[in-house]
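To keep things clear, I will list the structure first and then write my remarks on it.
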Amino acid sequence: MNLLDNDIKFIPGVGEARAKLLAKEIGVHTMRDMLYHFPFRYIDRSKVYPIGSLNEANTSSGYIQIRGKITGKNFFGEGRRRRFVLYLSDGTGKAELIWFQGIKWVENKFELGREYIVFGRPSFYHSELSIVHPEIESVEAALARKERGGLQGIYPSTEKLGSALGSKGLYNIISKIWERIRGTITDYMPQYLRERYGLIPLEEALFNIHFPQSPTQLKQAQYRLKFDELFGIQLNIQSLRSARTTAKAGFYFARVGQFFNAFYNTRLPFPLTGAQKKVIKQIRTDTVSGYQMNRLLQGDVGSGKTVVALISMILAVDNGFQACMMAPTEILARQHYATIVKMVGDIGLRLACLTGTTKTKERREILAALAAGEIDILVGTHALLEERVQFANLGFVVIDEQHRFGVEQRARLWTKNNNPPHILVMTATPIPRTLAMTIYGDLDVSVIDELPPGRKPIKTVHYYDSARLRLFGFMRDQIAKGRQIYIVYPLIKESEKADYANLEEGFAAIVQDFPLPQYRVSACHGKMKPEDKEESMRQFKSGEADILVATSVIEVGVDVPNASVMVIESAERFGLAQLHQLRGRVGRGSDQSYCILMSGEELSKESRTRLEAMCQTSDGFQLAELDLKLRGAGDINGTQQSGEAINFKIANLAQDNQILQVAQQAAIALLTADPALADERHIALRELKARYSTNKDIDFSKIS
Ligand code: ADP
Ligand code: MG
């Protein structure tokens with residue numbers, strides 16, 4: 001066993017309790033995990049600022065260090081609100097140091113009149129400087145302690161971990177680890193590759209990322225570790241890709257036959273757009289290439305991806321194959337099924353729909369027919385992935401709204417025939433180029449960049465909650481014109497309960513207090529039984545309900561052309577991509593559509609930027625690029641860990657495009673020379689590859 005695999009609890013100063021906390025809060029179990037928990041920013045601890053020189057503007061980037069004498073102390077508040085304040089003065093100004101926790105411990109620890117070095121995140125109230133829970137240390141101690149020179153890392157943490165350990169505590173643990181492991185880390189990257197790509201040795205990089213002596217050292221360390229991360233991912237993606245393109249196992253769809261002609265000539269309700277034709281052509285080319293197709297179809301909401309998928313599936317049927325289409329939710333699957341049934345009419349295709357709630361008897365019939373080759377096109381949910389779903393001859397798979405499915409789930413569909421079927425993945429989440437390269441690197445990409453004719457651009461406005469009466473007036477006018485309205489509430493995992501409370505309150509308010517109570521309102525959210533959800537959706541679709549109050553479950557794919565108003569409550573809590581998706585629910589008919597973003601008065605700079613961007617543009621790709629930038633540059637305090645997800649620890653997709661390009665080329669070159677990584681010099685790289693295995697899902701919560 002590698003030394004680094006040792007449990008973190010054995011490090012002096014950690015122990016059982018803190019080890020548990022580290023595991024729970026930041027997913028750190030072993031010494032290696034801890035080493036790979038990198039600082040997200042660095043500060044120069046050699047700088048001490050005069051208090052009088054600091055203000056809100058020049059400290060907005062984070063932490064500061066000051067030095068001064070304690071001039072007084074005081075207690076305020078009672079019980080949980082109790083706080084302890086130390087007053088610090090350096091001759092140029094005064095600062096308040098505030099503790100809400102651990103008061104017992106600090107109150108007698110610091111002496112009046114003595115000089116201290118104080119470090120922390122400043123805030124200003126009426127231009128008075130204060131620091132909550134600072135690091136504080138006597139000047140003598142600071143001098144005596146031979147602090148490692150250079151830059152000090154600030155570690156991502158969580159609220160709970162922060163109050164038990166703090167960034168300083170993490171720093172200490174990592175220092176202790178290094179005392180044990182110095183000189184033991186072997187580099188999986190062979191020297192010739194390090195030289196070729198200008199990479200410093202792994203141990204040096206891992207050490208310097210925590211304790212850089214200079215900005216140059218830090219840059220080299222960051223470059224090496226970012227490279228490794230992106231290279232590791234690319235090794236997986238590129239080997240999948242070459243496996244696929246060398247297998248020569250793709251089904252031939254050479255024939256344009258009976259069903260295609262019947263559909264195209266007698267059923268297609270509108271002329272295809274140029275973009276739709278272009279994509280169909282690409283798919284046709286792929287399906288006679290001899291390779292298995294693996295194509296990502298990006299198209300903004302409402303761009304008409306469904307009909308492209310349908311035509312592709314019909315082509316498969318014409319060539320003697322079955323096709324299936326998988327949607328992320330029950331509602332969507334049923335809607336796709338209904339759309340397809342209606343579109344193909346009576347040209348003779350045999351269709352079925354299979355979801356988690358399909359009744360046992362019906363399921364049995366469907367499964368039998370499917371295995372016997374008596375169903376041509378099967379639409380469904382995750383239920384299609386189950387073992388018992390066996391096709392006679394599956395040739396084409398459509399996956400709608402990809403980001404709900406992991407790479408591994410996609411791969412499971414491949415095994416439903418001896419040779420893998422062609423795969424078309426459709427998504428309305430515009431994925432920026434860098435990201436597409438990283439995550440979908442094994443897919444070819446098609447884009448529908450043209451909306452069907454006659455769509456009016458959606459008008460988007462941002463209202464503060466105080467303008468609610470105006471909103472109600474507007475809704476009334478729209479309903480009077482015969483339109484229907486969505487009202488969407490945020491649903492974010494961590495605060496699920498509170499969100500449902502919001503939704504329920506909002507629902508009650510609409511039902512009871514909405515100025516004209518004769519409106520018919522239905523509700524739809526994840527906690528409802530599938531039947532109830534479906535009934536709500538049915539009421540809204542049929543026009544029996546004027547208003548649909550929902551959580552973001554309606555985000556994907558719901559198609560109600562008469563709905564022309566989308567009201568998004570607490571819009572500041574949604575990501576840009578999600579807001580754009582929701583907005584795409586309206587603007588499907590010929591009427592002018594509106595998207596109204598409601599928010600509180602207090603908005604962070606980032607939220608404001610997001611809402612402004614929504615009002616200014618309806619270009620999904622532009623919004624996606626901006627989103628990536630905002631998130632990339634955003635606050636990383638509080639790391640998200642989701643067990644199965646690839647978590648970028650250091651690479652930043654918004655900024656590291658260059659490194660990504662190099663890493664991708666490097667992976668391609670290496671795999672071309674040595675596909676199995678069998679060369680003695682490459683065997684250790686298998687470890688890196690395994691760490692970024694694409695069997696893991698990508699954590700899209702960070703991205704879309
Ligand atoms: P999405 O890409 O969001 O899945 P859909 O496939 O649901 O979009 O299409 C949105 C709407 O546009 C549907 O009502 C569909 O019938 C209609 N539509 C699709 N293609 C065309 C076209 N070429 N001309 C007119 N309407 C179209
Ligand atoms: Mg769709």
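Just so you know, ligand 1 is whichever comes first in the structure, and atom 1 is the first atom listed for that ligand.
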Pair Gln592, Ser564: side-chain N/O donor-acceptor within cut-off below 3.5 Å: no
Out of Arg455, Lys305, Arg588, the nearest non-hydrogen contact to atom 12 (O) of ligand 1 is supplied by Arg455
For the 3.5 Å polar cut-off, considering only N or O atoms, please tell me whether Gly304 and ligand 1 meet it. yes
Does any part of the side chain of Thr329, heavy atoms only, come nearer than 4.5 Å to the side chain of Thr381, both counted from C-beta? no
Heavy-atom distances under 4.0 Å are what count here, so tell me which part of Gln298 touches ligand 1: side chain, backbone, both or neither. neither
Below 4.5 Å, heavy atoms only, C-beta onward: do Phe321 and Phe396 meet side chain to side chain? no
Does some non-hydrogen atom of Gly302 fall short of 4.0 Å from ligand 1? yes
Given 3.5 Å as the limit, does a donor-acceptor pair link the side chain of Asp546 with the main chain of Ile479, or not? no
Ligand 1 to Pro453 polar contact by distance, N or O atoms, under 3.5 Å: no
Looking at Arg388 and Glu386, does any basic side-chain N land under 4.0 Å from a carboxylate oxygen? yes
Is there a heavy atom in Pro271 that sits closer than 4.0 Å to ligand 1? yes
Under 4.0 Å from a heavy atom of Ser303: give me the atoms of ligand 1 that qualify, with their elements. 2 (O), 8 (O)
Please compare Thr306, Ile448, Leu272 and report which has the shortest non-hydrogen distance to atom 7 (O) of ligand 1. Thr306
For Arg610 and Glu572: C-alpha separation, side-chain torsions, deciding distance, then whether salt bridge (charged side-chain N to carboxylate O under 4.0 Å, His left out) applies. CA-CA 8 Å; Arg610 275 203 305 265; Glu572 73 273 23; over 6 Å; no
Heavy-atom distances under 4.0 Å are what count here, so tell me which part of Met426 touches ligand 1: side chain, backbone, both or neither. neither
For ligand 1, indicate whether the residue Thr273 contacts it via side chain, backbone, both or neither (heavy-atom separation under 4.0 Å). both
Ion pair check, Glu450 and Lys278, cut-off under 4.0 Å: no
